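Written below as structure tokens is the structure these notes are about.
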Amino acid sequence: MAARQLSGKKPQNMGYTLHTLLSYMGRHKFLLLVVAVLVSISALANLLGTYMIRPVVNTLETGDLGDLVSGVAVTAAIYGIGALAALGYTQTMVKAAQKVLYDIRRDLFAHLQTLPLQFFDTHRHGDVMSYFTNDVDTISDAMNNSFAMVIQSFIQMAGTLIILFVLNWRLSLVVVVCYVVMFLYIRFSGRHSKAYYTKQQASLGDLDGFIEEITAGQKVVKVFNHEQESLRQFQEKNEALRQAGTGAQSYAATMVPAVVTISYLNYAIVAVLGGIMAIQGMTDVGSLASYLVFVRQAALPINQFTQQSNFLLAALAGAERVFGVMDQPPEMDEGETELVRVREENGSLVPCEEKTGRWAWKRPDGTLTPLRGDVRFEHVTFGYESGHPILRDISLFAKPGQKIAFVGSTGAGKTTITNLVNRFYDVQGGRVLYDGIDVKNIRKDALRRSLGIVLQDTHLFTGTIADNIRFGKLDATQEEIERAARIANADSFIRRLPQGYDTMVTSDGANLSQGQRQLLAIARAAVADPPVLILDEATSSIDTRTEALIEKGMDQLMEGRTVFVIAHRLSTVRNANAILVLEHGQVVERGDHEELLAQKGEYYQLYHGMFELS
């Protein structure tokens, strides 16, 4: 019943997963070929060494000491060659496996960089991390433990069966029947455990994502006394993982005992029948002795194969998750218009490499359109989920050089507007124009290079203060970094740190205050010297005096450029050239501070409510 309920969880295309994994292995086919050759030598040496029991035992009947010594010496040499081959293939397999895993991790990370923001908005960070840890680790286990062992087990099974028929074809018929029973049970067990392994990997990713969220939000957990509820949720997810793991291992764990039991029964039957045949002169003692050893060893490669099948099933389940992510369609970029630096020459603009402070859009036909920062929404409709629009037939404009402020209640669509400007998401109706060009026709890297964005949720990376500011411009000099810090009013607090600009930032800036982290985020945008700036609640954790200094620096930096501001601070709103009041995904009021106050509408009420709170 349980297996039937999990039928929908079975891998959708195991053949494709295996084919893709083999294609990665094929990139290092020379190393894997060396492994296969050495494994084959090791397996054949084991078979031949066991077969040598026959001539060695038969020399005891003749009493020839020389033949006995030479037979033992040859057997020892065969096993010695097998041992050296085993040493060689284990070391070579380690190198090959690590190269394959390197390629998978590299391609997975590279593909993640191409995915749209929607993927990360709909997948928890812990689950994404699980692809690189748990899922890749299962592939690693299979590569290191299973590849060579499967080849060796197959050669030993096939070789053993052939030699058994050579030694005594009559007894081998009994062995074949037992082999068939073993493989039928292995197939049955593997089919039922496969679905559980897939569910186990998914449950493990879910649990990792939950742990990552709770660990990152420990302050919130403790403030709201959420420890017991968090524990309850953890136990639910942990129980789901336990059930999936138990289901997978319950079937898989029966494989080895079943194979061993059948092999013991097989050995007992063959030993009795072989003894009768030897007594009646139907076979010699040496052949029977060698035959019985082969029968006893016949279960070993099958046991190895069944044990490795657990690794293989888990690896294929993990690989299916990894390759599933790699099959996610990348962020589409059909734009052809580029952003270039320009200078004026003989009354017209020409592209140049030097910094002139002037930019232009270069269309596919070579036409240059000056970057002015004119942004217009024309009847734009958008929703993150189908049937739930956030913006409804919205039209607005921002003239070049204006500071445009968006205000409104939570969920009104303020941040959504900026997400559409930089094409984190594409509109579902209408269009967004940037200097008269539909943003869909602008290359995304060019569009985003023209926009400096400071988000409400700052994110700092492990490294120095200077490295985090340089993130906005990888070739920024120390002088440019310090200039950007001064513009953001961050220079003074940075110099008071123990190592100044070389102070290490760890744990997403845990050693800095929230305000300091936001100052660094603003400095990061400033060092990029962007033609257009978007501030999404960028000054929410900064005191009013510091905010005024930052805005003064930003006004100098963005002189003649368009600035979009999402904020609730009175000073930010009051200084804007135009204020757009959003409610329920529509612009309900537009004007400057004084004009909107005079209307005594939504902004008037919002303003006075803020004033009372300030």
Side-chain angles (χ1 to χ4, degrees), residues 1-12 14 17 105 108 112 118-142 145 189-257 307 309-325 328 384-385 457 459 506-510:
M1 182 66 180
R4 190 176 300 112
Q5 290 174 344
L6 284 171
S7 60
K9 295 292 186 178
K10 290 183 179 180
Q12 297 298 312
M14 187 62 76
T17 302
R105 283 192 296 262
L108 175 60
L112 282 175
Q118 183 179 12
F119 174 85
F120 300 96
D121 286 345
T122 55
H123 289 73
R124 293 186 301 182
H125 296 169
D127 202 27
V128 174
M129 283 303 303
S130 183
Y131 298 133
F132 288 93
T133 53
N134 298 321
D135 295 323
V136 173
D137 283 347
T138 60
I139 301 174
S140 175
D141 290 338
N145 299 308
S189 180
R191 185 171 63 249
H192 284 77
S193 61
K194 185 164 58 177
Y196 282 103
Y197 273 113
T198 300
K199 185 174 179 61
Q200 177 180 274
Q201 290 302 115
S203 298
L204 188 57
D206 187 36
L207 184 65
D208 284 348
F210 178 78
I211 294 172
E212 190 270 342
E213 284 184 344
I214 295 300
T215 302
Q218 269 301 298
K219 288 183 179 178
V220 179
V221 171
K222 293 185 181 300
V223 164
F224 291 98
N225 298 313
H226 208 272
E227 292 90 344
Q228 290 302 317
E229 177 61 19
S230 298
L231 178 59
R232 185 192 64 78
Q233 294 178 10
F234 174 83
Q235 288 174 335
E236 286 183 357
K237 298 179 184 300
N238 198 26
E239 174 64 16
L241 177 59
R242 185 196 65 79
Q243 292 181 0
T246 301
Q249 297 300 327
S250 293
Y251 281 104
T254 62
M255 290 185 184
V256 173
Q307 289 174 341
S309 66
N310 296 340
F311 286 114
L312 291 173
L313 288 173
L316 290 175
E320 186 175 49
R321 279 167 48 86
V322 171
F323 297 147
V325 175
Q328 289 284 328
Y384 294 103
E385 297 179 6
D457 298 323
H459 184 81
T506 57
S507 301
D508 201 13

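What's counted below: heavy atoms across the whole structure, side chains too, no hydrogens, waters or symmetry copies. Treat the numbers as computed from the prediction; the structure is a model and nothing was measured.
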Working to the nearest 0.5 Å, report the span between [atom1] of [X] and [atom2] of [Y].
X	Y	atom1	atom2	value
Ile211	Asp206	CD1	CG	10.0 Å
Leu207	Leu241	CG	CG	6.0 Å
Gln200	Arg242	CD	CZ	12.5 Å
Leu231	Asn238	CG	CG	10.0 Å
Leu316	Arg321	CG	CZ	14.0 Å

**Item:** Short side-chain to backbone donor-acceptor contact, Thr138 and Asp135, under 3.5 Å
**Value:**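 Flag set: sc Thr138 to bb Asp135 pair under 3.5 Å.
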**Message:** Are the side chains of Gln243 and Thr246 in contact, using a 4.5 Å heavy-atom criterion?
**Reply:** no
**Message:** Are there over 12 heavy-atom neighbours, none belonging to Glu236, within less than 6.0 Å of that residue's CD?
**Reply:** yes
**Listed partners of Tyr384 passing ring-ring contact (aromatic ring centres under 6.0 Å, His included), at least two apart** = Phe382, Tyr425
**Message:** Side chains of Glu229 and Gln233 only: does a donor on one sit below 3.5 Å from an acceptor on the other?
**Reply:**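 A donor-acceptor contact under 3.5 Å links the two side chains.
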Return the minimal non-hydrogen interatomic distance between [X] and [Y], and the atom names on each side.
X	Y	result
Tyr131	Val322	O-CG2, 3.8 Å
Ala240	Ser203	O-OG, 4.0 Å
Ala319	Thr17	CB-CG2, 3.8 Å

